[in-house]
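Because the structure is a prediction, the values reported are computed rather than measured. Here is how names work: the chains are called A, B, and so on, in the same order as the sequence lines, proteins then strands, and each is numbered from 1.
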Amino acid sequence: MARILITSAIPYINGIKHLGNLVGSQLPADLYARYMRGRGHEVMFICATDEHGTPAELAAAKAGKPVAEYCAEMWQVQDELGKGFRLSFDKFGRSSSPQNRALTQYFAGRLAENGLIGEVTEKQVYSHADARFLPDRYIEGTCPNCGYDKARGDQCENCTKQLDPTDLIEPRSAISGSTDLEVRETKHLYLRQSLLKDRLDAWISSKTDWPILTTSIARKWLHDSDGLQDRGITRDLDWGVPVKRGEEPWPGMEDKVFYVWFDAPIEYIAATREWADAEALGDEAWQRWWRNDKGAADVRYVQFMGKDNVPFHTLSFPATIIGADDNWHLVDYIKSFNYLNYDGGQFSTSQGRGVFMDQALEILSADYWRWWLLSHAPENSDSEFTWENFQASVNKDLADVLGNFVSRVTKFCRSKFGEAVPEDGTTGKRETVLIGELQRRLDAYQAHMEAIEIRKAAAELRAIWAAGNEYLQDAAPWAVFKQDPAQAAAIIRLSLNLIRLYAVLSQPFIPDASARLLTALGCEEAGWPDDIATAVAALPAGHGFAVPDNLFGKITDEARQDWQTRFSGTRT
RNA sequence: GGGCCUGUAGCUCAAUUGGUUAGAGCAGAGCGCUCAUAACGCUUUGGUUGGGGGUUCGAGUCCCUCCGGGCCUACCA
């Protein structure tokens, strides 16, 4: 039995995430976690909310609430949505937890001890009206290059020129619109990751089996212009982890917090600790997942994330982990995803364009979304959600191929033999051929799951479902029954066992349908098959079952058209 | 501007890393079946692999160039 540590990129606290966010990290991570648990491995699956930073403060202000209260409420919302999508986290933590505060401060202290923290005095724009320092992109003004009047302090969206806030003509706060701005000096801590560049470079180069998307982004940052730059890890904000050197005060850093990107990945560790604390377990319970010197040497650590997160996970966080020099377990595999687009454009949180997690669950249950999203995961390039494609895929795959198979087998059995696995009859060459095919396909399915080739795994699973229909058509128990009921019984006995097999194999993709099938078949304790021949004999003759309601209803044209208009923009 | 990814059948995607005649699913067409959610099965029509050039015995795959789509570019996270 292996030990697998799985983390999903942690979603930002600021609002409900859309399906593109879901398929880029949490959903594939859940698929992998469920599969690995199914195979009998010990899994620790961690996610959390990422709560610090300017956007959270602004969202809270907009909602008229203290930021801590706002975050607590939004955590609740995201937690429930995660449950709605059947995301099987062992812990869904919060980056604002005391555990993360302590660990973040600890890491900063270790990095300082090891000479990896520098102090840099820099100039930042302060807004009197907002009573805060403004990140570059929260300053707007007229672009000196093209005259665009809504250029941001980091870049002009119109002419794409890189800017400094001080380049802007008539700069103003993007928050309040105030022009009462002042450039102030402020001192910040920098993670001197440039010192670790060669080590990170060698490490990335050794990861030849990683997705090209992951390594190419990492290489770009390592080798671009001057190479890997040091990164500021503190901010002048109220909401965040207070800057401390371990447990000691950090002179000159009072009233500052760590940059959200410094504390967010550390939350992976902290959330594991939150889990251990919640379970009333000792430190060794979480440390055995993270510290190589405390039992984590045999852990395989896999991260899931959208491509925008890759630089932080391939460079900054590893620099933190390596720099602390405490035998922390580095990530072993990074699965990264492109973006899912929505019907010819991008999902847009600000414009309310596309389908958001709460809306999705209002119109259809989790399995529909899970199946479509995972079987179309944007692994190699950006992919696109269209309602036509969604309707066609879901109706065909789930309702026709899988759902109808279950329906035809169970209903035929009920009408001819009653609601128990029929005895009588023996299987022959046709069944041997089927078992051989299923075994080959199972091997392929497992190989794709191990390699986290999600679309390929989905295609193979679908082929496994389809094989049942092919077999049934070929064996034609409805015709055989007229001459030889015993032979028909053998065919149906096998087919009922196929349903059980499908429930087990499909669980990572469509857990609700899987559970309903196992309940209908009266076998909740269904383990992963060792081999097909044994698995298709698991349900013995005489074993009672119930005919389940139709597993999946179909999406009608009317519903599709309705949703199409409803989600085309501006959520209400 | 720079870098990276990408372009394969009407649609969504494969192609053992340079090797026979480029394959699946959906959609379309035909046939079959009647157990089943008008479901299922079988057969089948679709491709000058974005255009052009080059290397090679051989190119979807490597090189050059042009065209299209996308992402990143370090203070949003």
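In this model, the phosphate group of B:rG70 is not approached by any side-chain N or O of A:Lys307 to a distance below 4.0 Å at OP1 or OP2. The phosphate of B:rG2 has neither OP1 nor OP2 within less than 4.0 Å of any side-chain N or O from A:Lys220.
Between the P atom of B:rA36 and the CD1 atom of A:Ile499 lies a distance of 14 Å, rounded to the nearest Å. Residue A:Asp400 contributes atom CG, which lies 14 Å from atom C1' of B:rA27 at whole-angstrom precision. Spacing between atom CD1 of A:Ile217 and atom C1' of B:rG2 amounts to 16 Å, rounded to whole angstrom units. Rounded to whole Å, the distance from CH2 on A:Trp221 to P on B:rC71 is 17 Å.
Within 4.0 Å of A:Thr410, counting heavy atoms only, lies no atom of the nucleic acid at all. Within the 4.0 angstrom heavy-atom criterion, no nucleotide atom of any strand lies near A:Arg219. Among the protein residues, A:Lys416 comes within range of no part of the nucleic acid, since none of its heavy atoms lies under 4.0 Å from any strand. Nucleic acid contact class of A:Glu122 (heavy atoms, under 4.0 Å, all strands): base. Across all strands shown, A:Ser316 has no heavy atoms under 4.0 Å from either base or sugar-phosphate atoms. Residue contacts for A:Gln124: at a heavy-atom cut-off of 4.0 Å it reaches a base atom on one of the strands shown.
A salt bridge between A:Lys554 and A:Asp400 is present, with a side-chain N of the basic residue lying under 4.0 Å from a carboxylate O of the acidic one. Comment: A:Asp474 engages A:Arg430 in a salt bridge, judged by a side-chain N to carboxylate O separation of less than 4.0 angstrom.
For the side-chain contact (heavy atoms from CB on, under 4.5 Å) criterion with A:His18, the lone passing option out of A:Phe385, A:Phe356, A:Tyr342 is A:Phe356. In summary, of the residues considered (A:Arg440, A:Arg441, A:Arg455), a salt bridge (Lys or Arg N to Asp or Glu O under 4.0 Å) with A:Glu460 occurs for A:Arg441 alone.
For RNA chain B, the stems formed by at least three consecutive Watson-Crick or G-U pairs, with both atom-pair distances below 3.5 Å, span B:1-7 with B:67-73, B:10-13 with B:23-26, B:28-32 with B:40-44, B:50-54 with B:62-66.
If you check residues 475-496 of chain A against RNA chain B, the residues with a heavy atom closer than 4.0 Å are A:Trp478, listed by number.
A donor-acceptor contact closer than 3.5 angstrom links the side chains of A:Glu122 and A:Tyr190.
Evaluation of atom-type donor-acceptor distances gives no pair under 3.5 Å for the side chain of A:Asn404 against the base of B:rA39.
Its glycosidic angle being more than 90° from 0, B:rG54 falls on the anti side. Taking 90° from 0 as the syn/anti boundary, the base of B:rU21 is oriented anti.
Comparing the C1' positions of B:rU44 and B:rA27 gives an interatomic distance of 14 Å, to the nearest angstrom.
A cation-pi geometry, defined here as NZ or CZ lying under 6.0 Å from the six-membered ring centre and within 45° of its normal, holds between A:Lys416 and A:Phe481.
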